[in-house]
Amino acid sequence: MIIDPQFIWNGLVVGSLIALAGLGLTLLFGLLNFINIAYGDYMAMGAYFALAANVRLDLPIVVSILIGAVGGGALAVVVHKAIFSKFMDRDPIVLLVVSIGMAFILRNVIRIVWSTDPRYYAVPVEEGPSFLGITFLPEQVAIIAMSLIVLGLLFLLLHRTRIGIAMRAASDDTDLARLRGIDTKRLVIYISLVGGIIAALAGIMLGLDSNLRPNMGFIALIPIFAAVILGGIGDPTGAVIGGYVIGIGQEVSVAFIPSEYKPVVGLVLLIIGLLTRPDGLFGEATR
Amino acid sequence: MVVSFSLVMVTLIIIGIYAILAIGMNMHWGDTGLLNFAHAGFFAVGAYTSAILTTPVGDAGLLASRTVGFDFPIVVGMIAAPITAGLFGLLLGITSIRLDGDYLAIVTLAGAETARLIISNEAWLTSGVQTLNNIPRPLDESLPAVLPYDVFYFGLVLLVLLGSYALFRHFANAPFGRVLHAIREDEDVPKALGKDTAWFKLKSFALGAALAGLAGSLWAHYVYAIQPTMFLSNLTFSIWAMVIIGGAGSYFGAVAGAVIVTGIRQITRFLPGDIPLGNELPYLRLIIIGVLLIAVLYYRPHGMFGDKERSLAGMSGGGN
């Protein structure tokens, strides 16, 4: 059976999105050690910040994306400082439940400020060129380009800068990093900032791909978690690969199963992954 | 503020059904320490099982062509609902119950979403995204005229609530429950004593799921018409809020939490519609629940009526 190349292209688009969002989530998880359900709502908030800049203030989309990203980063830092940091000495599961409360708050703030109607960015709708039987929509190309740029920058940050190397060290073993003189408290703020920026960018990409809704991030959360767990929680490279595996898997599955069941692909891959390789694809999970 | 009697009864019925859901969740989280995020899914499976078994074919959706329906008596639905929901819990549990705490949360969350996806897409069975309606109400029209229907139905819900409260409390205090508590505190201990902990966790999971299925059946037969959007994961999170606010590990706390959270969600029904921010009220009350949840975790980690002896992993601090 030959698979339509369009599905693979679509899979690359969705995969880029999941990979980027998964990278942000896994970075946060690596250092903070709890599952943050509000991450999906950071994504949505970032997307709506960009919407406000783009539609309300009539700014060009590129500027709006930057504003959205900064807003998302600031939001994650504020939420961490105001809420999560008060619970850092508690069990990770308490933090998970706290993040549920936080998700309730953020999502309903969005509903009050921006209503529940679907919203769209003011970007020109253009037809994409097509060759080799694949149609390349401009927003799809933009999503892949954005994601590759951000992934590249993050790679440089994590491997070439002192702060990035400290982040990886602390994510690997927080106590050891602290013993070696790394200020892990300050690092948590930096990582919240980076995680929030990435979440916002992923949310904006999601909004560009279709539209903005208050629960957009929450709905996207399951494949993102699947990617993170598949790649091994806390392993940045694994999360990116996991994201592409799930994105392409979901889109290609359309050739075999009804498209309504696309989201199930992530779940099935997740369960298979958990049962066969509980430490992730590369066995480098931090727990 | 005009409080009408029928509105009070509707609210009490909803509180009762949510309290039954919270009791099941308390067995999972409060007694066993399992992170179940699939409760809305169990509730949905129960509601749909009962609805499909008690309605005739094709009588349901307007456009959807539902080709399965049995028109059985209501009692059949009410017996079958906990069975199918329990089996769904068992199925989900078999794949994931051995997983570490928060992995289980993600798999169960995804499992509940999958159940909702199936309900939304298999129209031949469930009417799909449309409402499955004309679900019969027990003893409708055969009650004496002096007894309002909602009073009767509240009596039925209360009966089930008290029954499940007594039963689950009994389970929790029985040797079975003591093993569950031991698993919650430190799974290695009962394991070392030769208990098959995975099997105990599976039983706990299936029991709580079955109770959620029964609640689903009560819900379906009260509201006549059900649709997939009634069973979003938000419901699961609300039930979590009930158990945590009330106090994990205490069945009384679970019921109290259901009264508090459902009370906040329903209280605005009693306010006149023209007050400021009237349109935003549904969202404001969810924000209030979020704030309350965080505040309770901060100021009273064991909840309002929680089990103070519950040293659980979750509630007393300390590492993994």
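Predicted model, so just to flag it, every value in this text is computed and none were measured. To find a chain, count down the sequence lines: A is the first, B the second, and so on, and within it residues start at 1.
- The residue among B:I118, B:L109, B:L292 with the most heavy atom pairs within less than 4.5 Å of chain A is B:I118.
- Heavy-atom distances place the side chain of A:F218, and not its backbone, under 4.5 Å from chain B.
- Surrounding CZ of B:R265 are at most 12 heavy atoms belonging to other residues, nucleotides or ligands under 6.0 Å away.
- For the residue pair A:L267 and B:V107, the shortest heavy atom distance occurs at CD1-O, 4.1 Å.
- For the pair B:Y283/A:T116, a side-chain contact is recorded, criterion being any heavy-atom separation below 4.5 Å from C-beta on.
- Considering CZ of B:F37 and CD1 of A:I100, their distance stands at 3.5 Å, rounded to 0.5 Å.
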Derivation of the side chain to side chain contact (heavy atoms under 4.5 Å, CB included) call for B:E113 and A:I219: CA-CA 10 Å; B:E113 287 296 303; A:I219 288 173; over 6 Å; no
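- Heavy atoms of B:T95 lying under 4.5 Å from chain A belong to its backbone as well as its side chain.
- Between A:R107 and B:N234, some side-chain heavy-atom pair lies under the 4.5 Å cut-off.
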Under the side chain to side chain contact (heavy atoms under 4.5 Å, CB included) criterion, do A:V98 and B:Y298 qualify, and how do the steps go? CA-CA 9 Å; A:V98 170; B:Y298 189 69; over 6 Å; no
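- In this structure, the side chains of B:P301 and A:R90 come closer than 4.5 Å at one or more pairs of heavy atoms.
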Is there a side chain to side chain contact (heavy atoms under 4.5 Å, CB included) between B:Y103 and A:L270? Walk through the geometry before answering. CA-CA 10 Å; B:Y103 287 126; A:L270 174 64; over 6 Å; no
Can B:R285 and A:N108 be said to form a side chain to side chain donor-acceptor pair (under 3.5 Å), step by step? CA-CA 9 Å; B:R285 33 183 217 227; A:N108 289 290; over 6 Å; no
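- From A:I222, atom CD1 reaches atom OG of B:S233 across 6.0 Å, with rounding to the nearest 0.5 Å.
- Neither the backbone nor the side chain of B:S120 comes within contact range of chain A, judged by heavy atoms closer than 4.5 Å.
- Between A:I112 and B:I287 there is a side-chain heavy-atom pair separated by less than 4.5 Å.
- For chain B, the nearby part of A:L96 is the side chain; its heavy atoms alone come within less than 4.5 Å.
- When each of B:I294, B:I244, B:L35 is checked for a side-chain contact (heavy atoms from CB on, under 4.5 Å) with A:V97, only B:I244 meets the rule.
- Contacts between A:I83 and chain B at a heavy-atom distance below 4.5 Å involve the side chain alone, from C-beta outward.
- Between A:E260 and B:L117 there is no side-chain heavy-atom pair separated by less than 4.5 Å.
- Across every non-hydrogen atom of A:F104 and B:G290, the tightest pair is CB-CA, 4.1 Å.
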